[in-house]
Amino acid sequence: MLVLILAYLGGVLTILSPCILPVLPFVFARADRPFARNGLPMLLGMALTFALVATLAAVGGSWAIQANQYGRIIALVVLAVLGLTLLSTRLAEWISRPFVALGNKLSQHSDENDSVWSAAGLGVATGLLWAPCAGPILGLLLTGAALNGASLQTSLLLLTYAAGAATSLALALVIGGRVFSLMKRSLGAGEWVRRALGVLVLAGVAVIALGLDTGVLTRVALASTGGIEQKLIDAARPAPAPQPVVKQGEPLPIEGELPSLEGATQWFNTAPLTVQSLRGKVVLVDFWTYSCINCIRALPYVHAWADKYKDHGLVVIGVHAPEFAFEKDPQNVSKAIKDLGVDYPVALDNNYAIWKGFNNEYWPAHYFIDPQGHIRHHHFGEGEYEQSEDVIRQLLTEAGQKNLPGGYVQPGAKGAEAAGSGDAMRSPETYVGYARAENFAGGQVAHDDVWTYHAPKTLMTNQWAFDGRWTVRDESARLDSANGGIVYRFRGRDLHLVLGPGHDGKPVRFRVTIDGKTPGADHGMDTDADGNGTVSSQRLYQLVRQANGTGERTFEITFLDPGVQAYAFTFG
């Protein structure tokens with residue numbers, strides 16, 4: 001219920017966002033007509049069409065997006081004709097004759113010039129054109145749709161979001177209708193109002209056709225709802241459940257059953273494993289993804305446990321559940337497994353089937369299963385490694401294993417796998433794509449449109465900005481011209497950035513500075529002392545490791561070649 005309320009409020013706030021501006025002329029084109037017969041059917045058609053298109057786009061892949069593009073072209077033509085009919089009464093009469101006749105037959109009671117069905121058709125066309133600014137709430141809904149797949153819940157959430165938008169538009173439409181009626185009675189200005197609306201409709205068509213609705217308008221917004229939406233999300237999101245505490249000598253509870261592993265799209269380092277084949281074994285399931293810094297720092301412990309207890313009945317399974325699209329590529333995952341030295345079984349969970357079977361929500365997440373297939377313990381995130389090893393030893397002992405090797409593993413990890421600094425004030429994980437971006441200090445972001453950005457001279461802590469010509473998409477940003485970069489005022493020992501080369505795969509050279517100087521001893525494992533490095537594959541790059549402490553610094557990366565794709569910052 002809380003999620004539905006959140007979706008509805010996010011939709012209501014849409015009227016304050018700039019991306020609603022291009023469709024307002026279509027909405028107000030019928031403001032002077034009865035709301036029940038015109039405004040309401042149009043808004044219902046708009047909401048239903050948006051929910052359908054958004055669901056398909058989130059879960060249906062590129063074919064749905066391409067189909068929607070054809071729909072947008074048709075809708076642009078229809079609405080351009082609408083604008084012309086508002087400008088010319090003769091053209092309106094000529095065009096409307098067959099539609100009025102059809103509408104009369106369908107509705108059986110319509111007035112001379114319009115019908116419920118034509119209003120609904122206008123709403124369908126508007127729904128095809130509407131591309132709402134992806135604020136935190138819509139980003140959350142679309143991410144959940146992609147994660148959970150097509151379902152009644154997915155469509156209901158998106159429809160609720162659209163209903164919220166339709167509610168605020170309905171209020172504006174009712175108010176607008178009263179204003180237009182007053183103008184007609186007092187000034188006799190109905191004809192001029194109609195022509196003005198025709199001009200606005202044609203202007204809206206032009207704005208959408210040129211792509212300005214998701215580019216320029218997002219940068220000239222008079223109001224941004226991102227902060228309000230984020231506060232609503234934070235207020236509605238339940239606090240994470242506390243981690244279970246293991247007490248020596250006390251039995252571990254049964255938390256559930258090991259779900260099916262058949263949803264894996266591919267297996268590495270093993271033939272496909274099943275629940276039945278794992279009976280009699282103690283199993284550790286590790287949910288991870290290869291560009292996640294928290295997962296990378298936990299891997300040395302998981303790997304050490306697999307080596308230490310593999311001859312005593314422990315089976316470790318890594319479930320690779322991707323966060324970014326490039327992590328679904330089996331070749332990328334295979335390379336990461338080799339580079340990270342993972343030699344235990346790994347299931348590629350591209351459809352999140354295993355993830356959903358566990359009702360998991362975290363990277364990394366560790367689930368401990370006994371020989372009977374019962375989940376006996378879980379741990380989310382990094383840390384508490386000794387407690388986790390105690391659980392492994394307890395389950396192995398319950399299974400009859402004796403003479404277990406003593407002590408706790410000490411991986412001695414280096415580079416990005418080394419433990420974090422423990423600085424509670426370090427900068428938060430920061431996404432570059434607009435769907436989840438926060439603390440951006442370079443003005444408004446142009447959605448899915450190339451734009452030239454100028455980084456401010458000074459940044460507050462945790463603020464960041466683009467510099468140069470970038471195209472920002474929902475989960476990443478692409479540099480379109482050489483010598484562009486990103487600036488971040490961060491706090492932490494380590495700074496990492498998930499990067500990938502362009503679609504052509506050509507390596508991209510870059511240079512890093514810290515406080516305007518070469519990093520020297522503070523360079524990361526993927527840069528040299530002069531700050532030079534190369535993006536050659538899609539992965540996490542460690543760009544800074546401060547040699548002395550976790551102080552606040554200004555980081556800047558300049559890419560000497562175009563095409564690089566940036567995804568997310570993480571810190572240690």
Side-chain angles (χ1 to χ4, degrees), residues 18 135-136 215-216 218-228 230-231 421 423-434 436-447 449-472 476-499 510-524 527 529-533 541-560 564 566-572:
V216 175
T218 59
R219 298 183 56 81
V220 298
L222 299 177
S224 174
T225 63
I228 301 174
Q230 191 60 52
K231 289 180 181 179
S421 64
D423 183 359
M425 300 300 292
R426 67 182 180 271
S427 296
E429 182 175 16
T430 303
Y431 293 91
V432 172
Y434 60 72
R436 291 185 283 177
E438 296 181 17
N439 300 325
F440 182 73
Q444 292 290 328
V445 174
H447 294 190
D449 190 26
V450 63
W451 196 265
T452 299
Y453 297 87
H454 301 283
K457 293 183 179 179
T458 58
L459 295 171
M460 302 294 288
T461 306
N462 299 331
Q463 287 186 331
W464 63 282
F466 294 115
D467 198 72
R469 290 184 65 78
W470 291 83
T471 299
V472 184
S476 65
R478 183 190 71 230
L479 179 64
D480 293 293
S481 299
N483 298 312
I486 308 176
V487 185
Y488 198 123
R489 181 71 177 172
F490 79 100
R491 178 181 174 86
R493 184 194 66 193
D494 306 331
L495 180 147
H496 313 94
L497 180 56
V498 179
L499 297 166
F510 64 81
R511 183 177 298 119
V512 165
T513 61
I514 304 175
D515 295 334
K517 302 177 182 179
T518 57
D522 293 333
H523 71 89
T527 58
D530 293 325
N532 298 309
Y541 289 77
Q542 187 188 77
L543 303 176
V544 174
R545 166 155 288 179
Q546 297 195 65
N548 299 303
T550 62
E552 186 175 309
R553 312 289 292 274
T554 297
F555 162 87
E556 183 171 4
I557 182 169
T558 302
F559 300 99
L560 308 181
V564 72
Y567 294 84
F569 285 92
T570 53
F571 303 88

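Here the closest non-hydrogen pair linking Val432 and Ala477 is CG1-CB, 3.5 Å. Nearest heavy atoms, Ala465 versus Ala441: CB-C, 4.3 Å. Nearest heavy-atom pair across Gly442 and Tyr453 is O-CD2, 4.2 Å. Here the closest non-hydrogen pair linking Ala521 and Ala547 is O-CB, 3.9 Å. Shortest non-hydrogen contact noted between Ala482 and Leu560 is CB-O, 3.4 Å.
Put simply, the side chain of Phe555 reaches to within 4.5 Å of the side chain of Phe569, judged on heavy atoms. Counting heavy atoms from C-beta outward, Asn532 and Thr527 have side chains that stay 4.5 Å or more apart. In this structure, the side chains of Val472 and Phe466 come closer than 4.5 Å at one or more pairs of heavy atoms. With contacts defined as side-chain heavy-atom distances shorter than 4.5 Å, the pair Phe490/Val544 qualifies. Proximity of Ile557 to Leu543: side-chain heavy atoms (C-beta onward) are separated by under 4.5 Å at one or more points. Contact annotation: the side chain of Asp494 approaches that of Gln542 to within less than 4.5 Å [non-hydrogen atoms, C-beta and beyond]. Side-chain atoms of Val564 and Leu499, non-hydrogen and from C-beta on, do get closer than 4.5 Å to each other. Residues Val512 and His523 fail the side-chain proximity criterion, which asks for heavy atoms closer than 4.5 Å.
Here the straight-line distance linking atom CD of Gln463 with atom CD of Glu438 works out to 12.5 Å at 0.5 Å rounding. Atom CZ of Arg426 is separated from atom CG of Leu495 by 12.5 Å, given to the nearest 0.5 angstrom. Residue Arg511 holds its CZ atom at 11.0 Å from CD of Glu556, rounded to the nearest 0.5 Å.
A donor-acceptor pair under 3.5 Å is absent between the side-chain atoms of Trp464 and the main chain of Leu459, judged by distance alone. Checking side-chain atoms of Thr430 against main-chain N and O of Pro428 turns up a donor-acceptor pair under 3.5 Å. With hydrogens and angles ignored, the 3.5 Å screen pairs a side-chain donor or acceptor of Gln546 with a backbone N or O of Gly551.
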Requested in this report: In sequence, state the C-alpha distance, the side-chain angles, and the governing distance for Asp515 and Arg489, and then conclude on salt bridge (charged side-chain N to carboxylate O under 4.0 Å, His left out).
Outcome: CA-CA 9 Å; Asp515 295 334; Arg489 181 71 177 172; 3.7 Å; yes
Query - Stepwise side chain to side chain donor-acceptor pair (under 3.5 Å) test for Thr518 and Asp530 - result: CA-CA 5 Å; Thr518 57; Asp530 293 325; 4.9 Å; no
**Report entry** side chain to side chain contact (heavy atoms under 4.5 Å, CB included) assessment of His454 paired with Thr452
**Finding:** CA-CA 7 Å; His454 301 283; Thr452 299; 3.8 Å; yes
**Report entry** Stepwise side chain to side chain contact (heavy atoms under 4.5 Å, CB included) test for Phe510 and Thr558
**Finding:** CA-CA 5 Å; Phe510 64 81; Thr558 302; over 6 Å; no
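With respect to Arg491 and Asp423, a salt bridge is recorded, a charged nitrogen being found less than 4.0 Å from a carboxylate O. Using a 4.0 Å cut-off between charged nitrogen and carboxylate oxygen, Arg553 and Asp522 count as a salt-bridge pair.
Aromatic pair Phe571/Tyr488: centroids less than 6.0 angstrom apart.
Listed by chain and number, the residues in a side-chain contact (heavy atoms from CB on, under 4.5 Å) with Asp467 are Ala455 (sequence neighbours excluded).
Below 30°, between 30° and 60°, or above 60°: for Trp470 and Phe559 the angle between ring planes is above 60°, a perpendicular geometry.
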